[in-house]
Amino acid sequence: MLQDLLQLVVYGIVSGGIFALGAVGVSLLFAILRFANFAHGDTMTLGAYFALFGVATLGLPLWSVFPFALAATAAVTVAIDRVLFRRLRRTAPVILLISSFGVALVLRSVVQLVWGPENVVYATDIVPPWRVWGLRIRPTHLVILAVTLALVAALHLFLTRTRTGKAMRAMADDPDLAQVCGIDTEAVIRWTWIVGGALAAAAGIFLALDTRLNPLLGWNVLLPVFAAALLGGIGQPYGAIAGGFLLGIAGEVSTMFLEPVYKPAVAFALIVLVLVFRPTGMFGGR
Amino acid sequence: MELTGLAGFAVFFLTMAGIYAVVSLGLNVQWGFSGQFNIGIAGFWAVGSYTAAILSTPESPFHLGGFGLPFPVGVLAGGVLAGLLALLVGLVCVDLRADYLAIATIGIGEIVRLVLKNEEWLTNGVRGIPAIPHPFAGLPGDLGELAFLAVVAATIALVWAALERANRAPWGRVQRAIREDEAAAMACGKDVLRARLEAFVLGSVVMGAGGGLYAHFVGFISPEAFDPLFTTFLVWVMLIAGGSGNNLGAVLGAFVIWALWSGTQFLAAWLPVDYAARAGALRVLLVGVLLQVILLWRPEGLLPERPPPPVEPDSDRGR
């Protein structure tokens, strides 16, 4: 029983890290541009497929394509912002929401057109899991967790040590005040897309490593990613990370007493609970 | 009476577009009037469809059924059940701001889909419910299809008339006031939560009834039919393209977008053979791009909203 619980917590930490990477972008974008980016899940999908291009088409090892997939995804999000969201920003934020919903479907159909609707994997070889204290630990999971932690550390350094990062936090806290203080808001918005897009791509690649690639990869985790961002408090990157892990673990542990097919319902229930009882998130964001 | 190929297609097309128009009118109550963002349309549509299907199909070992109730009862019950779901959801979520409500409704849509897919005793799971009776199956030839089209047209007319009336009434004014400035509406003593809940439930009832019509028209429903792509997204594009806030626009948008959507079917024929299977993705891509074009260049839609003129100060109406 305890063994099972611990095993589920291990799985939960891995998927929680993936949710966390997605939730950071959602949270920052929500705070800075004031809209929930419904295209974030499909941005994850796109990142995963960019990596697939490097692995399957160019025949390169995954670790070497990884940074390029992140960069390419970030570039796509910046381009979408340039062409679309920047022009819509003058209107109500909710128009951005509708637009991002459309962008989500556009990205997904592009993935389907280019790579097809089938399930794909990066590598077919199966590595047997290690046995540690009776727990099954997959080496892939350790890699995912290690790189996730490295990315989180890099994000922390970026947010606390660089001028842009500090400006980003200031803008996430209070966009108007930040603008009055002379922060170049367009530059910060651009960087937010870069950070959000790159982290989303990493999340998508890890998700694909853990399961399989298909065009619905990212859309299927959009709900837990949103839940993590809300749980952590909008505009709070650290809250989003904590929320991600909490949600990952809650989702896995729920399978002990709930049919696994209803896992998405856990995310939904948490969203509703948070919004009703603590709309500012666990740590008091906005 | 037998319809030739083209006429048969026209009847099929108009009926499908008409069903979408009903659902689009429902969304117009929620978004156009009241400014509430629902992307769980597929969920409410599905609840309406399955309710109508379960109430009207003959007894089956694979799913709940055997009630054998007549077609209008099923469709109305579909609306009522979708409305009940909306009431449950709305009591909790309706005072959330647009983004949060959107996230919550996406969750509802997802959960409805999961329940339909996994509760086999109720819905026969992924295999779906077949043999939903066509209400006019007894009529000779294609008269039945024409009769069904007439029912859909009548439903549109009925819903449209009722919504136009509601829009002109104090109820519609309160909805628009809340949409434009919630704080001001509240300061005027309007019960904002109640008004929003009413609009959310009313819109969902209309969506559910549209779902019921759909079930009887296609005769077979499965969770696959409620892919957010086919329902939620198309209905949103229809309303935005037609003009949110304008009931006539909601109907017009449904017909225009359904025409475009059906027209792109022929794309598959042009594509290289290897890509023919991916034509569906190309169609979604085109509609997605179309949505962005509308949002950028004509956000008010084909028929912009025209609020009814303000009430004359010397008249007694609307006091």
Side-chain angles (χ1 to χ4, degrees), chain A residues 26 30 34-38 80 83-85 87-88 91-118 215-216 219-220 222-223 226-227 229-230 234 259-265 267-276 279, chain B residues 31 35-37 39-40 89 91-93 95-111 113-115 117-119 125 227-229 232-234 236-237 239-240 244 271 274-275 277-297 299:
Chain A
V26 165
F30 204 153
R34 296 177 184 180
F35 83 106
N37 181 20
F38 274 83
I80 293 173
V83 176
L84 210 55
F85 294 144
R87 298 180 193 189
L88 293 172
T91 57
V94 69
I95 299 296
L96 285 169
L97 187 66
I98 302 176
S99 176
S100 76
F101 184 41
V103 169
L105 286 156
V106 167
L107 288 179
R108 189 194 308 175
S109 32
V110 166
V111 165
Q112 255 173 14
L113 270 177
V114 177
W115 285 283
E118 304 85 14
L216 285 174
W219 178 260
N220 286 339
L222 191 62
L223 208 54
F226 275 144
L230 291 175
I234 291 305
E259 278 191 64
V261 287
Y262 286 117
K263 222 188 323 184
F268 174 72
L270 277 172
I271 288 179
V272 170
L273 287 178
V274 170
L275 289 178
V276 171
Chain B
W31 171 246
Q36 298 179 68
F37 206 96
I39 11 185
V89 171
L91 282 174
V92 185
C93 296
D95 64 335
L96 303 175
R97 47 177 279 205
D99 310 79
Y100 294 158
L101 183 65
I103 296 170
T105 52
I106 223 178
I108 293 150
E110 188 64 12
I111 288 174
R113 199 177 59 84
L114 288 175
V115 169
K117 210 168 147 181
N118 295 299
E119 299 303 319
D227 189 325
L229 282 184
T232 307
F233 183 59
L234 270 182
W236 265 102
V237 177
L239 182 62
I240 304 269
S244 44
L271 287 174
D274 294 348
Y275 283 85
R278 299 175 190 183
L282 187 61
R283 296 167 76 190
V284 177
L285 176 70
L286 290 176
V287 177
V289 171
L290 176 69
L291 173 68
Q292 311 299 346
V293 169
I294 298 169
L295 286 177
L296 281 174
W297 282 293

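A, B, ... follow the sequence lines: proteins, then strands. Residue 1 opens every chain.
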Could you tell me which portion of [X] (side chain, backbone, both or neither) has an atom closer than 4.5 angstrom to a non-hydrogen atom of chain B?
| X | answer |
| --- | --- |
| A:Ile98 | both |
| A:Leu223 | side chain |
| A:Val272 | side chain |
| A:Val111 | neither |
| A:Ile271 | side chain |
| A:Phe35 | both |

Counting heavy-atom pairs under 4.5 Å with chain A, which one of B:Leu282, B:Ile111, B:Ile103, B:Ile106 comes out on top?
B:Ile103
Who pairs with B:Glu119 by side-chain hydrogen bond (donor to acceptor under 3.5 Å, both in side chains), at least two apart in sequence or on another chain?
A:Tyr262, B:Trp121
With a 4.5 Å heavy-atom cut-off, do [X] and [Y] have their side chains touching?
| X | Y | value |
| --- | --- | --- |
| A:Ile234 | B:Tyr100 | yes |
| A:Phe101 | B:Thr232 | yes |
| A:Phe268 | B:Leu114 | no |

Scanning both residues in full, the closest heavy-atom pair of B:Phe233 with A:Gly102 reads CE1-CA, 3.8 Å
Minimal heavy-atom distance between A:Ser109 and B:Ala281, with the atoms involved, is CB-O, 2.9 Å
Which region of B:Val115, side chain (C-beta onward) or backbone (N, CA, C, O), has a non-hydrogen atom less than 4.5 Å from a non-hydrogen atom of chain A, or is it both or neither?
both
Side chains of residues 286-297 of chain B: which donor-acceptor partners sit under 3.5 Å, not counting sequence neighbours?
from	atom 1	to	atom 2	distance (Å)
B:Gln292	OE1	A:Ser99	OG	2.6
B:Gln292	NE2	A:Ser99	O	3.0

